[in-house]
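Each chain gets a letter, A, B and so on, in the order the sequences are listed, and its residues count up from 1. Here the structure is a predicted model, which means the values were calculated and not measured.
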Number of protein chains: 2
Amino acid sequence: MRTSCRFAMAVHVLAVLAYQEGDRVTSAALAGSINTNPVIIRRLLLALQKAGLVDTCRGAGAGSRLSRSPKRINLAEIYRSVEACESFATPSKKPNNACPVGHCILEALDVIFTSAQSAMERDLAKTTLADVIARVKASGACK
Amino acid sequence: MRTSCRFAMAVHVLAVLAYQEGDRVTSAALAGSINTNPVIIRRLLLALQKAGLVDTCRGAGAGSRLSRSPKRINLAEIYRSVEACESFATPSKKPNNACPVGHCILEALDVIFTSAQSAMERDLAKTTLADVIARVKASGACK
DNA sequence: CTTTTAAGTAACCTTGATTATTACACTCGT
DNA sequence: ACGAGTGTAATAATCAAGGTTACTTAAAAG
């Protein structure tokens, strides 16, 4: 399976913002930590803004910061804000309707996919951004 | 998100084989139901063979059939046999090691991803191929 | 009010993965 | 031996994502 790395980048971005504890961070600085282009970060931040997770200012001395405490942001929210479509794909061509299986397999698959995706999101919801930061800080201390 | 549809196709293929209850089905016939190329189906069948889910014969009058009862095949097995890599991706470029978050975010993400993927597979494991067939037959009866 | 900083955004390129397609060798039953 | 059908390689066609450049807009600072 091949998926986008938007979720990984979003968690990274928010972790940096949480680490800065309220100081605004520019897209260029974030891009430096993630090692990518500032425009990629800005596109990601737009999605996070719409989800109400970050608060971004334009102009001189601007940048982004979390709009909530890291304790109150869970990973499922982050996932949903940056990953628009479903994890599972079906073929672009429709199955053969003349086949007894083909004519209704898509409905059966949809039930399966929805359930699996929900299970995944419930698991993600168990972890907060604060948990992630705690692990990052612990790991940094060990090193 | 961009994912493969191998899992969807694999479930479809196995559902057709289950529907045929032991009769061998050719890759061309399967391709007809799924509306794709026989070679795609053969490649999928190779993975399902390795996982011990199907039994394929070559030569005249050949084809594939399930190697076990549909009741004893669950969707997590199917998923693992055809989807090699992990569901979640990280950026191709490594994060900036000089950043306190960047230098250890990958480890933190790995824990998160592994947990979420396990949750998803546990959910898939709850459904068997027999369950899928039952839904397909019920849906066909209604129509 | 001008300058400067940085976000918003459009346009385009590059890359990589996946499906699709063609072609051919190999097996096995008849 | 023949024919049906799988195994497999090579290649093309698609397509989405990330990356890049360039320009516009907003807001603070002087």
Side-chain angles (χ1 to χ4, degrees), chain A residues 1-10 12-13 17 20 23-50 53-65 67 82-96, chain B residues 1-10 12-13 17 20 23-32 34-50 54-65 67 82-96:
Chain A
M1 203 187 251
R2 173 178 57 165
T3 58
S4 82
C5 54
R6 286 170 62 84
F7 178 52
M9 290 199 295
H12 189 154
V13 162
L17 295 183
Q20 298 300 320
D23 290 347
R24 289 194 185 278
V25 184
T26 66
S27 63
L30 290 167
S33 171
I34 285 156
N35 200 15
T36 185
N37 193 290
V39 175
I40 301 291
I41 299 297
R42 284 182 217 143
R43 289 202 278 239
L44 208 54
L45 285 168
L46 289 176
L48 297 172
Q49 283 165 37
K50 278 179 199 154
L53 297 177
V54 302
D55 154 34
T56 302
C57 277
R58 296 159 56 131
S64 301
R65 66 183 176 197
S67 55
V82 300
E83 295 283 1
C85 40
E86 289 207 352
S87 289
F88 298 95
T90 49
S92 50
K93 292 185 186 171
K94 295 293 164 213
N96 183 350
Chain B
M1 203 187 250
R2 173 180 53 168
T3 58
S4 85
C5 54
R6 287 171 61 82
F7 178 51
M9 290 199 294
H12 189 155
V13 162
L17 295 184
Q20 299 300 320
D23 291 347
R24 290 194 184 277
V25 184
T26 67
S27 63
L30 290 167
I34 285 156
N35 200 14
T36 184
N37 193 292
V39 174
I40 301 290
I41 299 297
R42 285 183 216 143
R43 288 203 279 245
L44 207 55
L45 286 169
L46 288 177
L48 297 172
Q49 283 165 39
K50 278 180 198 154
V54 302
D55 155 33
T56 302
C57 276
R58 295 158 58 133
S64 301
R65 65 182 176 198
S67 55
V82 300
E83 294 285 359
C85 42
E86 289 207 350
S87 288
F88 297 96
T90 49
S92 50
K93 292 184 186 173
K94 294 292 162 212
N96 182 351

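- The OG1 atom of B/T26 lies 10.0 Å from the CG atom of B/L45; values are rounded to the nearest 0.5 Å.
- The residue B/L46 sits close only to the backbone: its heavy atoms come under 4.0 Å of sugar-phosphate atoms, none of a base.
- For the pair B/R65 CZ and D/dG5 C1', the computed distance is 16 Å after rounding to whole Å.
- Regarding B/R42, its CZ atom lies at a distance of 13 Å from the P atom of D/dA9, rounded to whole Å.
- Note on A/R6: only backbone sugar-phosphate atoms sit closer than 4.0 angstrom, heavy atoms only; bases stay farther off.
- Taking atom CD1 on B/I34 and atom C1' on C/dT19, their separation rounds to 13 Å, with Å as the unit.
- At a threshold of 4.0 angstrom between heavy atoms, the contacts of A/S64 with the nucleic acid are absent.
- One donor-acceptor pair, N or O on each side, does fall under 3.5 Å between the base of D/dT25 and the side chain of A/R58.
- For the pair A/D55 CG and C/dG8 P, the interatomic distance rounds to 11 Å; values are reported in whole Å.
- In this structure, A/G59 and A/N37 both approach DNA chain D, and ranking their closest nucleotides by distance from the 5' end singles out A/N37.
- Regarding A/I41, its CD1 atom lies at a distance of 16 Å from the C1' atom of C/dT9, rounded to whole Å.
- Judged by distance alone, with hydrogens and angles left aside, the side-chain atoms of A/D55 form no donor-acceptor pair with the main-chain N or O of A/S67 at under 3.5 Å.
- Rounded to whole angstrom, the span from the CZ atom of B/R43 across to the P atom of D/dG5 amounts to 20 Å.
- For B/A60, counting side-chain heavy atoms from C-beta on, the closest listed nucleotide (C/dT5, C/dC28, D/dG18) is C/dC28.
- When rounded to the nearest whole Å, the span between CG of B/L44 and P of D/dG7 equals 12 Å.
- Of the inter-residue distances, the one linking B/T56 atom OG1 with B/R24 atom CZ reads 7.5 Å to the nearest 0.5 angstrom.
- In this structure, B/Q49 reaches the D/dG7 phosphate: one of its side-chain N or O atoms is under 4.0 Å from OP1 or OP2.
- The side chain of A/V39 lies closest to C/dA10, out of C/dT19, C/dA10, D/dG7.
- The one candidate from B/Q49, B/H12, B/M9 that meets the side chain to side chain contact (heavy atoms under 4.5 Å, CB included) condition with B/L44 is B/M9.
- Set against D/dT20, C/dT22, D/dT6, the side chain of B/T56 has D/dT6 as its closest nucleotide.
- Residue-level contact check: A/S92 touches neither bases nor backbone, having no heavy atom under 4.0 Å from any strand.
- Here the straight-line distance linking atom OG of A/S64 with atom CG of A/L48 works out to 8.5 Å at 0.5 Å rounding.
- Nearer to the 5' terminus of DNA chain D, by closest-nucleotide assignment, is the contact made by A/I40 (compared with the other of A/I40 and A/C57).
- Both A/K93 and A/T26 lie close to DNA chain C; mapped to their nearest nucleotides by heavy-atom distance, the more 5′-ward contact belongs to A/T26.
- Residue B/R24 contributes atom CZ, which lies 13 Å from atom P of D/dG5 at whole-angstrom precision.
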